[in-house]
Structures are given as C-alpha cells and as structure tokens.
There are 2 protein chains.
Amino acid sequence: MASIKDVAAEAGVSVATVSRVLNDHPSVSADARTRVLAAVKALGYRPNAVARSLRTDQTRTLGLVISDVLNPYFTHLARSVEEQARALGYSVIIGNADERPDLQDHHVRTLLDRRIDGLLVSPTDGGSPLMLDAVRSGTPMVFVDRWIPGVDVPVVRSDGQAAVHDLVTHLHGLGHRRLAIIAGPATTTTGQERVEAFRRALGAYGLPLPDACIGQGDFQAESGRRATERFLDLAEPPEVVFAADNLMALGALDAIRARGLRVPDDIALAAFDDIPWFVHTDPPITAIAQPTGELGRAAVRALVDRIEGRPPASVTLPARLVVRRSCGEPAPRERVAFREPSALQEPLREPPAPREPSPVMNRSQS
Amino acid sequence: MASIKDVAAEAGVSVATVSRVLNDHPSVSADARTRVLAAVKALGYRPNAVARSLRTDQTRTLGLVISDVLNPYFTHLARSVEEQARALGYSVIIGNADERPDLQDHHVRTLLDRRIDGLLVSPTDGGSPLMLDAVRSGTPMVFVDRWIPGVDVPVVRSDGQAAVHDLVTHLHGLGHRRLAIIAGPATTTTGQERVEAFRRALGAYGLPLPDACIGQGDFQAESGRRATERFLDLAEPPEVVFAADNLMALGALDAIRARGLRVPDDIALAAFDDIPWFVHTDPPITAIAQPTGELGRAAVRALVDRIEGRPPASVTLPARLVVRRSCGEPAPRERVAFREPSALQEPLREPPAPREPSPVMNRSQS
DNA sequence: CTGAAAGCGCTTACAG
DNA sequence: CTGAAAGCGCTTACAG
C-alpha cells in the first residue's frame, strides 16, 4: 500500500507538505496542494490510521461494551450510538458481553489496548477490578442504561419508576392481585431497580411481593422460561408475570405456550423494553418503552464532551407504558398510554445521517 | 499510561528484553523474565496495540460490514462471527450499512484505513468502485450471505432454492394459487435469487408470477408494508405473500393488521429468515431458516485461512423450511419440516467460548 | 510556504 | 541471553 513517502515522491514535495495538505493545514501553496492531491489520487493513497493514531495519541474511536447484542434493545442502542458518533466524527467498536462478566472484561481490555478515546459501558455486573481500574486510569467513560454505583462516571439511563407504577395501576385496575416479576441479576442496577420499582408500586396498592413471586433471571430468554415454569408450578400461580426485559418475556411466552396456557386468559404478561414484534405477538404485549435512540445519542454526547474537555452531564429520561392486550384489557387499537412522547413512535429508521465529508483525505476533525 | 520504556526502567533491562518477555520469545533468562513480569504488574502495564500494529503490520482484527444491524438475522450472524474470531485470536469491528451503499462504503473505507487484517462483507449493492478497489488491492476478503458476482472472492452463504421449493409445495398443497413475493433489491444477490427460486418453484406447479405479484422491497420493514398495501389494493389480491426477509414480513404484518385483515384466513404470509419471535406471532409464521451461526463461523474460518496463507474455500449451506400456521395449515405443535438440522434448534446461546489466555501480556498468536 | 528531524511505542534482525 | 539501533507511517515544532 502506498505510504506518505510515495505520495511525497510522486508530488515532488516533502512528507511534511503532504501531511499538511491532508490535514488542511493553511500554510500550503496552491501549487503544492494541487500536486499532492493529484499524487494522492494517482496512487489511490489512503492515510494509515494506525500510524496517525500512534503519533497523535488519539484514535477518534469510541468503545461500546453492551451486555447482549441479541437483545433488540441493545441493538437499537448500539445503532444510535454509532450514528451519533459518526455525526461527531468518531467511529465505534462494539464489544458484546453476552451478559458474561469475563467476556465484558475481555472487551474492555481489548478496547483499552487499542487506545480508544472513550468508553461507553452498560455493565454486566457490579464492577470488576478491571472496570474499576479503567475508571481510575482516567479513560473517559460513560455508563449507559446500567451503571456501577459509587463510581464517579456520568450515567445516561432511563427511569422506569413511574412507568412501572403506571403498569401496576393498569394491572390493579384489571383486577389482578397476585403479581410476579422475573428479575434481572441483582448485580446490575436495572436488575435491582425494576424489582424495587415493582415492589414499591405494589405496596402503594397494598399488595405484597412474596419471594415466591420473584423469579431470578439473567436477562436472557432461557432464564425467563425457567422462572415462568417455577411460577406455574406454584400451588397458587401468579395472575401476572412481569418480565424485566424482552428476552425473558420471550422465554416466558415459550413456557406458557409449552403448557398449553393462554395469555391473558390463563396468565397475563408484561415486559420491560418494547420491541416492534410486541405489536404482532399473540396477544400483543404490554410493555414499558425506553427512549432508546435518545439514550444512545445522549450517551455519545456526554462521552464526547468528556473527551474533548467539556463537562459531561448525566442524563435520565423517563420510560413509558404502552398498553396492549397481554394483561387482559381489550385494546381495539394500539393504545399508547399516559406519559411522554413515544420511543415506538420514534421511527425504526432514524433520519439519514449527514453526508460524509467528501474529500477522501480529510481527517474528520469536527 | 506506562510504556514499554517505563517497564524496562523498572525492571532494569532494555526494552528489547521486555518485548521478548511479552511475546514469549524463548531466549530470555528466567531472572529477566521474573523482573519484567513484576514490573509489568507493578505498573499495570498493557502493551499499546496501536504501536504494535504499526510495527508488525498486522492488527489481528477483522472487519465485518453487514447490511443492517437491526435485522436479527445479521445480529445473529455478527455474534457468531465475533465468537469464532475470538476463538482464533482476532477481534472484529462491525460496520452497519443500514442497507445504504454510501454507508457501506464509509465503513469499508474506515476499516481499510485502520488496516484490518481481513474483511467480511455482506454487500448492500452490486459492487461500488470502492469495494472493487478493495478486492483488487489484495485485502483478504470473504463475502457472507450476499456476494458480488464476477469478483474472485470466496463466498459463504446459504442456498434457499430447495427450501423455497418446499415452501411452494406446502402452499400449493394448501390450495393457494395466487402467490406474491416481496423481493429485496435486485442489486443484491439474495434480492434476486429469492425471486428466481420462487418463480422457478411456481413454474414447477404451472403457476405464473405476474409483475403485479412482485413487490419491490429493500429488506426493510417499511418497504414490506408498502408492498403489501399495493398487493391488497389489487383487484384480485394474492392469497399468499412471501417476504424475502423477516423485516419486510414485519412490515407486511403491519399493513395487514392496519386493514383489519387476518392471517391466514384473509391472506397467508411466509418469510425468508426465521427468528425466535415467529413462534409467538399471531399466527406463528412459516419461515425459511438459515444455518446462521454456522455461516458466521465458516466465513471467519475462510477469511482467516486466507489471511494466514492457507487456501480459503467457498461454502454453501442449505436453508430449510419451518412450517407454522401462517399459511393456513393447522400445526398443533412446532413442526420442523423436510430437510436438514435446524438453525432454530441451534441454541440461541452457543457453547461458551474457550477461556481467555490468562497472562495479561501475551499476544494471542494462535 | 517548506523541509529536515524528532518522536509516538513497539518489534526484530544484528552483534556480542 | 541481551542491548543498541533501525524502522513501521505518520505529525509537528523548529528553522529558514
């Protein structure tokens, strides 16, 4: 592959001049610029980003470690992160932890070794030594969705408290009194918070949340299936199962179907995190929707602020309840309930990103 | 961040010796090795992958450009690619083209600038100049799922021909005679092939495929919705709609539902690409399943063969029909039909990857 | 406006 | 077994 030396030779200038042209440095004669550009084109030259990074000590790259790519919520998040990063002149490298702390650490390590400029993490656990090291080492970092308590890192997340309350109100109104939840891991903030919000909301209606009605899941489908089976084996099975994410709701559906039971007649189902398929499941599933796209964008903004020396801000956005038919109420049409602009109304496809800067050789400095 | 110099100073050796220890070079005294390792630990040193790449001219990184992250098929593919790559000692950087050729080019360019060791692409179009350049430039490359004809690059894909025939047999058996398809872009191989396979299968039953029964989609949900609306507006609407991917099937479902019609009573629906949610849609959707995980793994194997100087092989794996209820036949239980081990039976979670190599400082040379 | 030179953090022949 | 040195491809003060 042609290097800057080849271009310099071809153009009859020094590599310094070539570099200046490529970086839009003002003090280059029009003549030199023309010759360099011609040489670049003739040789099909592209600057080596590795060398540039070594020299400038910046990679213009963000790392994103998500808990599970197979979860549409995180896929959506990743997409909006990449889009916003691109708009700001950064690339993003995604690491998928599959809800496994060891894999998460693997990706954090790899990303750090690559000297990414900043790290976006949705932690799978309460904070491994490596993760805490990363924070202490001063790598710009922002937590998205989940976070690690007691650590001084901005957090961009959504607050489901009010929406969970709305959900319980909805369920209570339908006459349900025995409600169960499939929780995420207690080592994750979202794992805990959603149970707590649920418990608090039940409390407001004088309803208990006995241990038997808390299924321990891990945010993956299989755990939702197992937890639901356990519920169904109870002497008095719950009337409602609330899955703390969409994958566990999928597992719950598998378990319910395997027993030949019907939703919502035999048992009601609701989920945290809304996905397009919930409109078409049998029956359509009542869910709590997060403003996922906006979360991703806000997280990137905060991280880039931090990287570029501006003070980053934590952001908390409200989630909202979307009522469908899985809890028993007839809903003739898609009914969006209660509060806040919809994350579902958020188009699946977001507006096209700005055109790429055209000259092949400009580093996007934004 | 500590550099190799700091480690050398701390250990009282030269940087060459530090480098040898880190790379498991045999000729290092036990004493030196001990001191270096101690220094590494004391300083929390991690080698700078950027510098290493510049020097060795390899990044141990694969690029993967997929057409759409929001499509669960590609998400699954990406996951298996990353897993297999990790097992072979490579990282992967994912670029999401969103079915946009310009975005695809953006990612190919960025990846090439980063000097990835090899590129896995599922092309969004028939081959942009940039893509063809990339091939000619000698960057190791493998196509997955979709490919560009006339270019000498190994292809790892699945052949849906037989499964599409099975589908048509199934539909014909149910008495359907007016069949329509929502096609993908004609610029993509899968866009064309699926229509051709469908047309050929219809032909075998003496059925026509009039132009009015070919909806032009772009593999995204919205296009499926529009195409379906057009079908429904026909004087004689089709009895069956076959969507060439799962996202367009989602759009079709939206359109059908918006008119208050029922599947399969008013219109039957089938899709290419199976996803877990198809079991729980109303009704469960008949689909053609690809061996997605194996496709991803085979693609990585081929690419790494190419990178490491072994002859890479193209791979074609059969897809298979999974009959559910969306075309009219009562299927009391999940019925997996006809041929081949199932991609759905493929566990959603694949077996855990091998443990990471433990010493922090070893380059995974595999 | 331009070029020679130093240096980013590594690896690796080459000598000893 | 070990170290001094060159060099990977860039960028950027410094001098002119």
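Letters A, B, ... mirror the listed sequences (proteins, then strands); counts begin at 1.
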Query raised in the report: Starting at CG of A:Asp24 and ending at C1' of D:dT11, how long is that distance when rounded to a whole Å?
Result: 14 Å
Query raised in the report: At under 4.0 Å between heavy atoms, what does B:Asp57 touch on the DNA or RNA strands: base, sugar-phosphate, or nothing?
Result: nothing
**Report entry** Secondary-structure stems, DNA chain C, at least 3 Watson-Crick or G-U base pairs under 3.5 Å
**Finding:** C:1-3 with D:14-16, C:5-12 with D:5-12, C:14-16 with D:1-3
Query raised in the report: For B:Ala32 and B:Arg115, take the nucleotide of DNA chain D holding the closest heavy atom to each; which residue's nucleotide lies nearer the 5' end?
Result: B:Ala32
Requested in this report: Send over the distance from B:Asn48 CG to C:dG9 C1', rounded to a whole Å.
Outcome: 6 Å
Report task. Given side-chain hydrogen bond (donor to acceptor under 3.5 Å, both in side chains), test B:Ser67 with B:Arg146 step by step and report yes or no. Result -> CA-CA 9 Å; B:Ser67 340; B:Arg146 331 220 274 221; 3.1 Å; yes
Query raised in the report: When rounded to the nearest 0.5 angstrom, what is the spacing between CD in B:Glu308 and CG in B:Asp117?
Result: 9.0 Å
Query - Nearest listed nucleotide, side chain of B:Val28, among D:dT2, C:dT11, D:dG9 - result: D:dT2
Under 3.5 Å, N/O pairs linking protein and nucleotides 3-7 of chain C:
from	atom 1	to	atom 2	distance (Å)
C:dG3	OP2	A:Ser14	N	3.1
C:dG3	OP2	A:Ser14	OG	3.1
C:dG3	OP2	A:Thr17	OG1	2.7
C:dG3	N7	A:Arg20	NH1	3.3
C:dG3	N7	A:Arg20	NH2	3.4
C:dG3	O6	A:Arg20	NH2	2.3
C:dG7	N2	A:Arg55	NH1	3.1

Report task. Return the value, rounded to whole Å, for the distance between atom CG of A:Leu43 and atom C1' of D:dG9. Result -> 15 Å
Query raised in the report: B:Lys5 NZ to C:dC8 C1': how many Å, rounded?
Result: 9 Å
Query raised in the report: Contact class for B:Ser27 (heavy atom, under 4.0 Å): base, sugar-phosphate, or nothing?
Result: base
Query raised in the report: Quick check: are there more than 12 heavy atoms from other residues, nucleotides or ligands sitting under 6.0 Å from CG of B:Asp152?
Result: no
Query raised in the report: Got a second to check how far A:Arg33's CZ is from A:Arg20's CZ, nearest 0.5 Å?
Result: 11.5 Å
Requested in this report: Answer with base, sugar-phosphate or nothing: what part of the nucleic acid does B:Ser19 contact at a heavy-atom distance below 4.0 Å?
Outcome: base
Query raised in the report: Is the shortest heavy-atom distance from the side chain of B:Ile4 to the side chain of B:Ser19 under 4.5 Å?
Result: yes
**Report entry** Distance test, side-chain N/O of A:Ser29 to OP1/OP2 of C:dT2, below 4.0 Å
**Finding:** yes
Report summary line: Separation of D:dT11 atom C1' from A:Ile4 atom CD1, nearest Å, is 8 Å
Query - Whether B:Thr61 side chain and B:Ser91 backbone form a donor-acceptor pair below 3.5 Å - result: no
Requested in this report: Rounded off to whole Å, could you give me the CG-to-P distance for the A:Asp6 and D:dC8 pair?
Outcome: 11 Å
Query raised in the report: For A:Ala49, which contact category applies under a 4.0 Å heavy-atom criterion: base, sugar-phosphate, or nothing?
Result: nothing
Requested in this report: Report the distance from atom CD of A:Gln58 to atom P of D:dG9, rounded to the nearest whole Å.
Outcome: 21 Å
Query raised in the report: Are the side chains of B:Thr75 and A:Leu70 in touch, meaning some heavy atoms are under 4.5 Å apart?
Result: yes
Query - Inter-nucleotide P distance (D:dA6, D:dT2), Å rounded - result: 22 Å
Query - Side-chain donor-acceptor pair present, B:Arg157, B:Thr189, cut-off under 3.5 Å - result: no
Query raised in the report: Given atom CZ of A:Arg52 and atom P of D:dC8, what is their separation to the nearest angstrom?
Result: 19 Å
Query raised in the report: Going by distance alone, is a donor N or O of one side chain under 3.5 Å from an acceptor N or O of the other, for B:Glu82 and A:Asn96?
Result: no
Query - Nearest-0.5 Å distance that lies between atom CG in A:Leu119 and atom CG in A:Leu112 - result: 6.5 Å
